[in-house]
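Bear in mind that the values here come from a model prediction, so they are computed numbers and not experimental data. Note: hydrogens, waters and symmetry copies are ignored here, and every other heavy atom, side chains too, is used.
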Amino acid sequence: MRKFFKKWMPSKRKLMQLYFALLFNANAKGFVNVDGLKNGFIYEGSSKSVCIPGLNCYSCPGAVGACPLGSLQNALDDKSALFYVGGILLLYSILFGRLICGWLCPFGLIQELLHKIKTPKVKKSPVTRILSYLKYVILVLMVFVLPPLLAGSPAFCKFICPAGTSLGGLGLMFNPENHNKFLGALGPLFTWKFLLMVGILVGCIFVFRLFCRFICPLGALYGLFNRFSFFGIKLNRDKCVDCNKCVKQCKMDIRHVGDPECISCGECVSVCPTQAIEWKGPKILVKPSEALTPMSATEQQKKKTRLWVRVTVTVALLGLLIGTGIYHWNESAVPLPSPAGQTEDGDVVRGNQVGDYCYNPKLEIINESGVTGEQLEPASTGKITVLNFWGTWCPPCVAELPDFERIARDYADRVVVVAVHGGVRGKEDAPPFIAENFPNSPIVFTLDSGAARNDYHTLLNGPGYPYTLILDENGVIAEVFPTAIHYQDLKTAIDSLLDTPAQ
């Protein structure tokens, strides 16, 4: 029995990886459907304002925190957000370095499990060592250079991140609640990301942590702080005899223990003949070198003490995990707003579901000259209102705008088409675009409230861009289209709300 457990029992590191994967995705209700409760959507509770340490997509149905990499890209054009996200990332980097990659990252666990599949493996070599520099190029280009040029759009998340595609995109679409919502969004970009994800995951079967070693910009960023981090692996040069056993044992492309490629997994500790590899943090995490002499009574007492510490820490961690899961399960069980409801005092109960009075902030109106100084409350037009969220940086959004303009002309007296521009550069990018493509358009162009954070889009539970809602004359949500939409679909939805359809 002992041999069985020794062979199949996960290591401490695997258990920690599993623990944090469950903790970071504690919103279990996001993966299931329960009648009467909101399902199939991204969790947007207060904990989402906090960045977790590892790579875990914000859009994963179970995610209860924000991905630090996505948050950093979104914060580049917002100084206050940049200080907040940058401060958190700096704290994680100084405390842990790439220990986060080895112990806390959910996507790291996925890669290691795939590598356990029995196949011929690609061993590290000078070629893989050169390829390990690629992630630093990706860090600079996709995280710091392109997002500001794409009006705040997170380039790495949008074009590369396999965690976003697997945990976020597929996680949402596999929910039966979303089968009819997102299938229309499967365009060329999703096809590219899906094929890239499959390629990376298949590659991880043959190459140990392929994504971490060659692509991940978050690992590149953390690796820069490995030398200075408070926790992790370090090499005692006074004891080292340069036997190179640690480098041969390591599956990463390290040149020496603790360099930027080291994920502090601890597998090198047991092979060091002189015990020159030391743990900068608590010794309970790393397997020590085998003792060469019997333990003294004092050492035996210390061993018992460490055992009790381990038991206490394990119980505390399990309690935290269970408590977090229960909290998020119950928090999700908030009933939806009453359809088209009013309080006893006559106040409107507003929401973001079909049948709710639509949330109704004051939006700034813009035209080809810029901000006009006028404002519009989209749920108070007194007419049927087509509320479309778009951005100059979003090709599908731009492609469907002519259909919205046609609707605005065909139903000029009965329908208001409101195009809400999202993104941090709406005031700069939208006016020249309108001047060139939609001069004197019947569409009412506006800016999202708090454009840097796309507040209105978030408030209305927008899954992405483009996103369209149709409101009746009273401001009640009648239809929701979470993906691109064409003229005939708009016309059908509007005609169903009108007594006399347009000819």
*Please determine if K14 and E112 form a salt bridge, counting it only when a charged side-chain N lies under 4.0 Å from a carboxylate O.*
yes
_Nearest heavy-atom neighbours spanning S229 and G97_ = CB-N, 3.7 Å
*Does a sphere of radius 6.0 Å around NZ in K427 hold more than 12 heavy atoms from other residues, nucleotides or ligands, not counting ones at 6.0 Å or beyond?*
no
*Work out which heavy atom in L89 is nearest to a heavy atom in P68; give both atom names and the distance.*
CD2-CB, 3.6 Å
*Donor-acceptor pair, S47 side chain versus V64 backbone, under 3.5 Å?*
yes
_On the six-membered ring of F214, is K135 placed so that its NZ or CZ lies under 6.0 angstrom from the centre and within 45° of the ring axis?_
no
_Just by distance, no angles: are the side chains of K121 and T119 close enough, under 3.5 Å, to form a donor-acceptor pair?_
yes
*Measure the CG-SG distance between L99 and C105 for me, rounded to the nearest 0.5 Å.*
12.0 Å
*Dump the intermediate steps for side chain to side chain contact (heavy atoms under 4.5 Å, CB included) on C246 and I277, then the final yes or no.*
CA-CA 9 Å; C246 53; I277 301 172; 3.7 Å; yes
_Between Y222 and F96, does the ring pair (Phe, Tyr, Trp, His ring centres under 6.0 Å) criterion hold? Intermediate values first, please._
CA-CA 8 Å; Y222 285 149; F96 305 109; 8.9 Å; no
*Assess the side chains of N388 and E400: does a donor N or O sit below 3.5 Å from an acceptor N or O?*
yes
*Relative to the ring of F211, is the ring of F156 parallel (under 30°), tilted (30 to 60°) or perpendicular (over 60°)?*
tilted
*Do you know which two heavy atoms are closest between L141 and P147, and how far apart they sit?*
O-CD, 4.4 Å
_I want to check something: taking the side chain as every heavy atom from C-beta on, are F228 and I94 in contact at a cut-off of under 4.5 Å?_
no
*Beyond-backbone contact of L146 with F159, side-chain heavy atoms, under 4.5 angstrom*: no
*Side-chain contact test, heavy atoms from C-beta onward, threshold under 4.5 Å: evaluate it for N56 versus F107 and give yes or no.*
no
*May I ask you to check whether F231 and W103 place their ring centers less than 6.0 Å from one another?*
no
_Closest non-hydrogen atom pair between P53 and F24, with its separation_ = CD-CZ, 3.5 Å
_Donor-acceptor side-chain pairing of D259 and N226 below 3.5 angstrom_ = no
*With no hydrogens and no angle check, is any side-chain donor or acceptor of K48 less than 3.5 Å from a backbone partner on Y58?*
yes
*Mind checking the CG-CE spacing from L69 to M142? Nearest 0.5 Å is all I need.*
10.5 Å
*Between H115 (side chain) and C204 (backbone), is there a donor-acceptor pair under 3.5 Å?*
yes
*Per the ring pair (Phe, Tyr, Trp, His ring centres under 6.0 Å) rule, which among F433, F438, F404 passes with W390?*
F433
*Could you walk me through whether E261 and R98 pass salt bridge (charged side-chain N to carboxylate O under 4.0 Å, His left out), step by step?*
CA-CA 8 Å; E261 299 304 314; R98 288 203 76 180; 3.7 Å; yes
_Test item: I366 and T446 side chains (from C-beta on) under 4.5 Å apart, heavy atoms_ = no
*Begin from the C-alpha positions of L55 and C67 and carry the test side chain to side chain contact (heavy atoms under 4.5 Å, CB included) through to its verdict.*
CA-CA 6 Å; L55 193 74; C67 174; 3.8 Å; yes
*Whether N352 side chain and L459 backbone form a donor-acceptor pair below 3.5 Å*: yes
_Under a 3.5 Å distance rule, please check whether Y467 uses its side chain to pair with a backbone N or O of L460 as donor and acceptor._
yes
_Pair R209 + D253, salt bridge at N-O below 4.0 Å_ = no
*Validate the cation-pi geometry between K251 and F208: distance from NZ or CZ to the six-membered ring centre under 6.0 Å, angle to the ring axis within 45°.*
yes
*Between H457 and F389, how do the two ring planes meet: parallel, tilted or perpendicular, split at 30° and 60°?*
perpendicular
*asked:* Go through it in stages, so that I can follow the logic: the residues are Y92 and F225, the test is side chain to side chain contact (heavy atoms under 4.5 Å, CB included), and I'd like the CA-CA distance, side-chain angles, deciding distance and then a yes or no.
replied: CA-CA 10 Å; Y92 289 153; F225 293 84; over 6 Å; no
_Restricting to non-hydrogen atoms, name the atom on C265 and the atom on R13 that form the minimum distance, rounded to 0.1 Å._
CB-NE, 3.6 Å
*Rounded to the nearest 0.5 Å, what's the gap from CD1 on I254 to SG on C268? Could you check?*
6.5 Å
*So do L72 and L82 actually touch side chain to side chain, heavy atoms under 4.5 Å?*
yes
*P431 vs E368 side-chain heavy atoms within contact, under 4.5 Å*: no
*Looking at side-chain heavy atoms only, is the closest gap between R213 and K124 below 4.5 Å?*
yes
*CD1/I88 to SG/C51 distance, rounded to the nearest 0.5 angstrom?*
4.5 Å
_Determine whether a donor-acceptor pair (N or O, by modelled atom type, separation under 3.5 Å) exists between the side chain of H421 and the backbone of D448._
no
*Report yes if some heavy atom in the side chain of I138 is under 4.5 Å from a heavy atom in the side chain of V143; otherwise report no.*
no
*Rounded to the nearest 0.5 Å, how far does SG of C394 lie from NZ of K158?*
6.5 Å
*Is the side chain of Q73 donor-acceptor paired with the backbone N or O of A155 at a distance under 3.5 Å, no angle test?*
yes
_For Y19 and L320: C-alpha separation, side-chain torsions, deciding distance, then whether side chain to side chain contact (heavy atoms under 4.5 Å, CB included) applies._
CA-CA 10 Å; Y19 170 82; L320 177 62; 3.5 Å; yes
_Rounded to the nearest 0.5 Å, what separates atom CD1 in I326 from atom CD1 in I322?_
7.0 Å
*Any idea which heavy atoms bring G164 and C57 closest together, and the distance?*
CA-SG, 3.5 Å
